[in-house]
Amino acid sequence: MNSLVIPNMNPNLLLNKYLPLIEQVATVVELGNVEKALLHKKTGELAMVLRALKDISDPAERKQQGAAANVVKAQLEAALATARQRLGGQTGAVTVDESLPAIVPARGHWHPLHLVQTELVDIFRSLNFAVYEGNERETDDYCFEFLNIPASHPARDLQDTFYLDTKRSDGLKEVMRTHTSNMQVRMMQQQQPPLRMVVPGRVFRNEAVDASHEHTFYQLEGCVVDKDISIAQLTYLLRLAMSTLLKADVKIRLRPGYFPYVEPGFEADCSCTQCAGKGCAVCKYTGWVEMLGCGMIHPNVFKAAGYPAGTYTGFAFGIGINRLAMLKYGINDIRYFMQNDLRWLKQF
Ligand SMILES: [Zn+2]
């Protein structure tokens, strides 16, 4: 007889080995494994013991060993049945407590900047504005020159702009766009007024990062060009867009502001939605929140676009999406947007 093939000829040893195991199994899978170790046709230990009985030559001995093996078999099968019942009935069945709440899988969701951007784009789309996305990598003529920002202007300074080390055959320098206004002249060159468009997107500044400054942030540029476009239409549009976004009836206040590509230029403030203009920490107790830069498009911009002089008027505005998101959600540090801290992002 080969002890390698029949490892355990004394069936009582199987009882000692398997009964405690069967009593301890905690899952249906564990029980299945024990069952397999005992009863598998080829490798199960009990199956091998039973199979070996036929090799016993003495009939009396074979009868005695066979009876002993059957007692062990019955005991083990009873133990397996008890364990199966304890674990929930039949083999393979999983105990289910239907009263427990389901495990909800974590789902992805939009970033707060994307939420605000999408909402803004939807508002302008509903007012029949075309939506364009532009190049983030831009030549300095579309980013500066055509927008009436001459080479001597401080905005072109290395401290504010990321210049790229690319060599172009036309000799133009390339930059990471500092504003979404880079699309203004590009789109004006491609179509004649009337023109109504917004350009949402990512912009870059060579800034020292702190609670209110980031090197990468999001803007939404907008412009309207036609005959007889006025500042009154600009304030009406801003009020409509901001009231819809902030779900409140906000007022718009214009203060003089300087941007080379508009004349006159304005800083537009929005009445504080947190305190309804009474004064709070968000509005620094002024009742107004600085919202965006805007103005009437400078004649030099129309000239760069190839429009005949004196024919068209228009306004342009640039909304800082990060700042708007901070106001909408009460966020006090711009750096949170880019940190990708899931604990923070999961709130939105
Ligand atoms: Zn306030």
S.K.: If you group Ile, Leu, Val, Met, Phe, Trp and Tyr whenever their side-chain heavy atoms sit less than 4.5 Å apart, what else falls in with Tyr132?
M.R.: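 Grouped by the 4.5 Å side-chain rule, Met183, Met187, Met197, Val199 form the rest of the cluster around Tyr132.
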
S.K.: Ring pair (Phe, Tyr, Trp, His ring centres under 6.0 Å) for Tyr218 and Phe204? Distances and angles first, verdict last.
M.R.: CA-CA 9 Å; Tyr218 286 75; Phe204 310 87; 8.7 Å; no

S.K.: Is any NZ, NE, NH1 or NH2 atom of the basic residue among Arg239 and Asp249 found under 4.0 Å from an Asp or Glu carboxylate oxygen of the other?
M.R.: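 A salt bridge links Arg239 with Asp249.
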
S.K.: Can you confirm whether the side chains of Glu174 and Thr166 place a donor and an acceptor under 3.5 Å from each other?
M.R.: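 There is such a pair (donor and acceptor under 3.5 Å, judged by atom type) between the side chains of Glu174 and Thr166.
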
S.K.: Only one of Glu23, Glu35, Glu45 forms a side-chain hydrogen bond (donor to acceptor under 3.5 Å, both in side chains) with Tyr18, so which one is it?
M.R.: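 With Tyr18 as partner, Glu23, Glu35, Glu45 yield a single side-chain hydrogen bond (donor to acceptor under 3.5 Å, both in side chains), made by Glu45.
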
S.K.: Under 4.5 Å between side-chain heavy atoms, hopping through other hydrophobics if needed: is there a path connecting Leu220 to Tyr236?
M.R.: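 Looking at the clustering, Tyr236 is in the same group as Leu220.
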
S.K.: What is the distance from atom CD of Glu136 to atom OG1 of Thr216, rounded to the nearest 0.5 Å?
M.R.: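 One gets 9.0 Å once the value is rounded to the nearest 0.5 Å.
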
S.K.: To the nearest 0.5 Å, what is the distance between CG (Asp228) and CG (Asp226)?
M.R.: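 Asp228 atom CG to Asp226 atom CG measures 8.0 Å (nearest 0.5 Å).
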
S.K.: Would you indicate whether the side-chain heavy atoms of Cys272 and Cys280 approach each other to under 4.5 Å?
M.R.: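 They are in side-chain contact.
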
S.K.: Using atom types as modelled and distance alone, determine if a side-chain donor or acceptor of Thr313 lies under 3.5 Å from a backbone N or O of Ile229.
M.R.: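 Confirmed, Thr313 side chain pairs with Ile229 backbone.
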
S.K.: Indicate the ring-plane relationship of Tyr163 and Phe144, choosing parallel, tilted or perpendicular according to the 30° and 60° boundaries.
M.R.: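 Rings of Tyr163 and Phe144: tilted, as their planes differ by 30° to 60°.
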
S.K.: Compare all side-chain heavy atoms of Leu115 with those of Tyr329 and state whether any distance is below 4.5 angstrom.
M.R.: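 Sidechains of Tyr329 and Leu115: in contact.
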
S.K.: Measuring from Leu238:CG to Ile231:CD1, what's the distance to the nearest 0.5 Å?
M.R.: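 So the CG of Leu238 and the CD1 of Ile231 are separated by 11.5 Å.
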
S.K.: Below 4.0 angstrom, N of the basic side chain to O of the carboxylate: do Lys247 and Glu119 qualify?
M.R.: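 Yes, this pair counts.
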
S.K.: For the atom pair CG (Asn322) and CG (Leu327), what is the distance rounded to the nearest 0.5 Å?
M.R.: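 If I round to the nearest 0.5 Å, the distance is 12.5 Å.
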
S.K.: Would you name the heavy atoms of Ile252 and Ala268 that are closest together and state the gap between them?
M.R.: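 Result for this residue pair: CG2-CB, 4.4 Å.
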
S.K.: For residues Asn182 and Phe146, determine if any side-chain heavy atom of one lies less than 4.5 Å from a side-chain heavy atom of the other.
M.R.: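 No, every pair of side-chain atoms sits at 4.5 Å or beyond.
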
S.K.: Evaluate the criterion side chain to side chain contact (heavy atoms under 4.5 Å, CB included) for residue pair Met326 and Asp333; output intermediate values, then yes/no.
M.R.: CA-CA 8 Å; Met326 289 168 84; Asp333 193 321; 5.7 Å; no

S.K.: According to a 4.5 Å side-chain heavy-atom criterion applied to Ile, Leu, Val, Met, Phe, Trp and Tyr, with indirect links allowed, do Val131 and Leu113 form part of one hydrophobic cluster?
M.R.: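 Yes, same cluster.
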
S.K.: Distance from Leu164 atom CG to Thr139 atom OG1, nearest 0.5 Å?
M.R.: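 The distance works out to 11.0 Å.
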
S.K.: Which atom pair, heavy atoms only, marks the closest approach of Glu30 to Ala26?
M.R.: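 The pair with the smallest heavy-atom distance is OE1-N, 3.2 Å.
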
S.K.: Take atom CD of Glu207 as the centre, draw a 6.0 Å sphere, and report whether it contains more than 12 heavy atoms from other residues, nucleotides or ligands.
M.R.: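 Yes - once you tally the heavy atoms of other residues, nucleotides and ligands closer than 6.0 Å, there are more than 12.
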
S.K.: Can you hop from Tyr258 to Leu147 via hydrophobic side chains spaced under 4.5 Å?
M.R.: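 The answer is no; the residues belong to distinct hydrophobic clusters.
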
S.K.: Can you find a heavy atom in the side chain of Phe129 that is under 4.5 Å from one in the side chain of Cys223?
M.R.: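 The answer is no, as the side chains (C-beta and beyond) never meet within the 4.5 Å cut-off.
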
S.K.: Report yes if some heavy atom in the side chain of Val225 is under 4.5 Å from a heavy atom in the side chain of Pro194; otherwise report no.
M.R.: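 A side-chain contact under 4.5 Å is absent here.
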
S.K.: Take a 6.0 Å sphere around CG of Asp170 and say whether it holds more than 12 heavy atoms from other residues, nucleotides or ligands.
M.R.: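 Check passes, neighbour count above 12.
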
S.K.: Apply the test side chain to side chain contact (heavy atoms under 4.5 Å, CB included) to residues Leu15 and Gln75: give CA-CA distance (whole Å), side-chain angles for both, the deciding distance (0.1 Å), then the verdict.
M.R.: CA-CA 8 Å; Leu15 281 183; Gln75 269 182 285; 3.3 Å; yes

S.K.: Please test Ile331 against Trp344 for side chain to side chain contact (heavy atoms under 4.5 Å, CB included), starting from the C-alpha separation and ending with a verdict.
M.R.: CA-CA 11 Å; Ile331 298 162; Trp344 186 79; 3.7 Å; yes

S.K.: Count I, L, V, M, F, W, Y as connected when their side-chain heavy atoms are under 4.5 Å apart, and connections chain through other members. Are Leu246 and Phe348 then in the same cluster?
M.R.: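 Yes, because Leu246 and Phe348 connect within a single hydrophobic cluster, where side-chain heavy atoms sit under 4.5 Å apart.
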
S.K.: Do His111 side-chain atoms and Phe337 backbone N/O form a donor-acceptor pair below 3.5 Å?
M.R.: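 Yes, because the side chain of His111 sits within donor-acceptor range (under 3.5 Å) of the backbone of Phe337.
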
S.K.: Verify, without hydrogens or angle tests, whether Thr43 (side chain) and His40 (backbone) share a donor-acceptor contact under 3.5 angstrom.
M.R.: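 A pair under 3.5 Å: no.
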
S.K.: Work out which heavy atom in Val262 is nearest to a heavy atom in Ala316; give both atom names and the distance.
M.R.: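 That would be CG1-CB, 4.5 Å.
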
S.K.: Can you find a heavy atom in the side chain of Met176 that is under 4.5 Å from one in the side chain of Thr161?
M.R.: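 Result no, sub-4.5 Å side-chain heavy-atom pair not found.
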
S.K.: Examine distances only and state if a side-chain atom of Gln233 and a backbone atom of Ser230 form a donor-acceptor pair shorter than 3.5 Å.
M.R.: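 Yes.
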
S.K.: With a 6.0 Å cut-off (strictly less than), is the heavy-atom count around CD of Gln192, excluding the residue itself, greater than 12?
M.R.: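 Yes, enclosed.
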
S.K.: Decide side chain to side chain contact (heavy atoms under 4.5 Å, CB included) for Leu127 and Leu240; before the verdict, give the C-alpha distance in whole Å, the side-chain angles of both, and the deciding distance to 0.1 Å.
M.R.: CA-CA 10 Å; Leu127 297 168; Leu240 182 65; 3.8 Å; yes

S.K.: Please name the pair of heavy atoms, one in Gln219 and one in Val203, separated by the smallest distance, quoted to 0.1 Å.
M.R.: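 Minimum heavy-atom contact is OE1-CG1, 3.9 Å.
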
S.K.: Let me confirm one number: the CG-CE distance from Leu245 to Met242, rounded to the nearest 0.5 Å.
M.R.: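 Here the rounded value is 6.5 Å.
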
S.K.: Closest approach of Leu324 and Ile319, non-hydrogen atoms and distance?
M.R.: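 It is CD2-CG2, 3.8 Å.
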
S.K.: Can you give me the closest heavy-atom contact between Leu53 and Ala69, atom names plus distance?
M.R.: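 Distance-wise, the nearest heavy atoms are CD1-CB, 4.3 Å.
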
S.K.: Quick check, are the ring centers of Tyr261 and His179 under 6.0 angstrom apart?
M.R.: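 Yes; His179 has its ring centre under 6.0 Å from that of Tyr261.
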
S.K.: Would you mind reporting whether Asn135 and Arg177 have side-chain heavy atoms less than 4.5 Å apart?
M.R.: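 No, their side chains stay 4.5 Å or more apart.
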
S.K.: Are there more than 12 heavy atoms of other residues, nucleotides or ligands under 6.0 Å from atom NZ of Lys251?
M.R.: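 For Lys251, atom NZ is not crowded (no more than 12 foreign heavy atoms under 6.0 Å).
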
S.K.: So, Arg205 and Glu214, do they make that salt bridge, N to O below 4.0 Å?
M.R.: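 Salt bridge absent between Arg205 and Glu214.
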
S.K.: Are Phe302 and Tyr312 near enough that their ring centres are under 6.0 Å apart?
M.R.: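 Centroid separation for Phe302 and Tyr312: 6.0 Å or greater.
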
S.K.: Hydrophobic clustering (ILVMFWY, side-chain heavy atoms < 4.5 Å, transitive) - are Trp110 and Val116 grouped together?
M.R.: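 Same cluster: Val116 reaches Trp110 through Ile, Leu, Val, Met, Phe, Trp or Tyr contacts under 4.5 Å.
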
S.K.: Determine whether the aromatic ring centres of Phe124 and Phe317 lie less than 6.0 Å apart.
M.R.: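 Centroid distance Phe124-Phe317: below 6.0 Å, so yes.
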
S.K.: Could you tell me whether the side chain of Ser243 and the main chain of Ala248 form a donor-acceptor pair under 3.5 Å?
M.R.: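 Indeed, once roles are kept as given, a pair shorter than 3.5 Å links the two residues.
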
S.K.: Only one of Gln184, Gln189, Arg186 forms a side-chain hydrogen bond (donor to acceptor under 3.5 Å, both in side chains) with Tyr142, so which one is it?
M.R.: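 So the option named by the test is Gln189.
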
S.K.: Do any side-chain atoms of residues 290-301 form donor-acceptor pairs under 3.5 angstrom with protein atoms, and if so which ones, sequence neighbours left out?
M.R.:
residue	atom	partner	partner atom	Å
His298	ND1	Asn300	N	3.0
His298	NE2	Asn148	ND2	3.4
Asn300	ND2	Asn148	OD1	2.9

S.K.: For residues Phe217 and Ile321, determine if any side-chain heavy atom of one lies less than 4.5 Å from a side-chain heavy atom of the other.
M.R.: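 Side chain of Phe217 against side chain of Ile321, heavy atoms only: no contact under 4.5 Å found.
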
S.K.: Given Leu39, which of Leu46, Leu76, Val34, Leu50 fulfils the side-chain contact (heavy atoms from CB on, under 4.5 Å) condition?
M.R.: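 It is Leu46, the one option of Leu46, Leu76, Val34, Leu50 that forms the side-chain contact (heavy atoms from CB on, under 4.5 Å) with Leu39.
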
